[in-house]
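Because the structure is predicted, anything quoted here is derived from the model rather than measured. One is the number of the first residue; the rest follow in order along the sequence.
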Amino acid sequence: MNDSRLEHEYPGVGRLHYFLGNVGMVAAAVFVVMVFGPESAVMSVTALVLMVVSLILDVLRLRNIGVSQWFVFLRYVPFGKTLLGFGLLSAQTGWIETRRLDSAGKSILIALLVVLALIIFMYFRMGVSVMMGY
């Protein structure tokens, strides 16, 4: 498929820009917490702005992969934001045409699942050690 045709047919934010946007939002939140503190009014305003920007970024990414923008409301379902994020990070532009991940998308999804498995493992490992008194 011609990538320039896909870019015109599926506007929005690509995989890389979506990832970098999320990294930028985390960096902004960390900066505000470190400079102004977590209880400051600046942090409250920043949290509201980042919530709106995150919603807009998700909608733009959903448009880019060709899926209904209403899927953005999955973020309000328990664990929905995690599943939505995995899908938005993995799917290539115009995913709806083939409904299959490209090789980069498969690699990204595998890496995300490995990190999630490590987080779950560490959570239960720490929980067991706390319960045993270590």
Side-chain angles (χ1 to χ4, degrees):
M1 257 183 255
N2 189 357
D3 287 337
S4 63
R5 183 188 66 84
L6 285 177
E7 289 175 9
H8 294 294
E9 192 172 332
Y10 296 101
V13 176
R15 203 170 18 204
L16 176 63
H17 291 106
Y18 177 76
F19 173 75
L20 293 176
N22 281 313
V23 169
M25 287 187 294
V26 170
V30 168
F31 174 77
V32 170
V33 167
M34 290 180 71
V35 172
F36 299 103
E39 301 290 327
S40 69
V42 176
M43 184 59 208
S44 298
V45 172
T46 303
L48 181 63
V49 168
L50 289 178
M51 184 178 65
V52 171
V53 169
S54 175
L55 185 74
I56 292 169
L57 194 60
D58 285 356
V59 168
L60 290 173
R61 183 69 183 124
L62 285 167
R63 289 182 68 200
N64 184 258
I65 63 175
V67 178
S68 172
Q69 298 161 17
W70 291 100
F71 279 106
V72 78
F73 291 109
L74 283 175
R75 66 187 4 233
Y76 301 111
V77 175
F79 303 107
K81 178 61 177 167
T82 302
L83 295 174
L84 180 67
F86 280 17
L88 294 179
L89 283 170
S90 300
Q92 70 275 11
T93 298
W95 171 84
I96 195 70
E97 290 184 6
T98 61
R99 294 183 189 250
R100 296 190 187 277
L101 294 177
D102 59 357
S103 60
K106 290 175 185 176
S107 299
I108 292 168
L109 184 59
I110 289 169
L112 290 171
L113 291 173
V114 166
V115 169
L116 180 64
L118 286 172
I119 290 170
I120 292 170
F121 172 76
M122 292 303 294
Y123 173 77
F124 285 114
R125 180 73 179 158
M126 296 292 286
V128 169
S129 65
V130 169
M131 291 169 53
M132 295 179 72
Y134 292 119

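Criterion: ILVMFWY side-chain heavy atoms under 4.5 Å apart, direct or through other members. Under it, Val45 and Val35 are not part of a common hydrophobic cluster. Under a hydrophobic-cluster definition in which Ile, Leu, Val, Met, Phe, Trp and Tyr are linked whenever side-chain heavy atoms come within less than 4.5 Å, directly or via other members, Val114 and Leu83 are assigned to different clusters. Residues Val72 and Val52 share a hydrophobic cluster, clusters being chains of Ile/Leu/Val/Met/Phe/Trp/Tyr side chains in contact below 4.5 Å. A continuous path of ILVMFWY side-chain contacts below 4.5 Å connects Val13 to Phe71, so both sit in one hydrophobic cluster. Placement of Val26 and Val32 in two distinct hydrophobic clusters is found when ILVMFWY residues are connected by side-chain heavy-atom separations under 4.5 Å, directly or transitively.
Atom-to-atom distance recorded for Phe124:CZ and Ile120:CD1 is 7.0 Å, nearest 0.5 angstrom. Here the CZ atom belonging to Phe36 is positioned 6.5 Å from the CZ atom belonging to Phe31, to the nearest 0.5 angstrom. Distance check, rounded to the nearest 0.5 Å: CG of Leu118 to CZ of Arg125 gives 13.5 Å. Going from atom CG of Leu116 over to atom CZ of Phe79 covers 9.5 Å, rounded to the nearest 0.5 Å.
Applying the 6.0 Å contact sphere to CZ of Phe19 captures no more than 12 heavy atoms from other residues, nucleotides or ligands.
Side chain of Arg63 to backbone of Pro11: no donor-acceptor contact under 3.5 angstrom is found. Put simply, the side chain of Ser90 never gets that close to the backbone of Gly87: no donor and acceptor are under 3.5 Å apart. At least one donor-acceptor pair under 3.5 Å links the side chain of Ser40 to the backbone N or O of Met43.
Looking at heavy atoms from C-beta onward, Leu60 lies out of side-chain contact with His17 at the 4.5 angstrom threshold. Residues Ile65 and Thr93 form no side-chain contact, since every pair of their non-hydrogen atoms from C-beta on lies 4.5 Å or further apart. Counting heavy atoms from C-beta on, the side chains of Leu109 and Leu89 never come closer than 4.5 Å. Contact of the Gln92 side chain with the Leu101 side chain is registered, since non-hydrogen atoms from C-beta on lie closer than 4.5 Å. Under the 4.5 Å side-chain criterion, counting only non-hydrogen atoms from C-beta, Glu9 is in contact with Glu97.
If you check the side chains of Tyr18 and Asn64, you find no donor sitting under 3.5 Å from an acceptor.
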* **Worked verdict on Leu113 versus Phe86 for side chain to side chain contact (heavy atoms under 4.5 Å, CB included)** => CA-CA 9 Å; Leu113 291 173; Phe86 280 17; 3.8 Å; yes

task: Would you please test Lys81 and Leu74 for side chain to side chain contact (heavy atoms under 4.5 Å, CB included) and show each step?
output: CA-CA 6 Å; Lys81 178 61 177 167; Leu74 283 175; over 6 Å; no

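Looking at Asp102 and Arg15, a side-chain N of the basic residue comes within less than 4.0 Å of a carboxylate O on the acidic one, giving a salt bridge.
Of all non-hydrogen atoms in Ser54 and Arg75, the two that sit nearest each other are OG-NH2, 2.7 Å.
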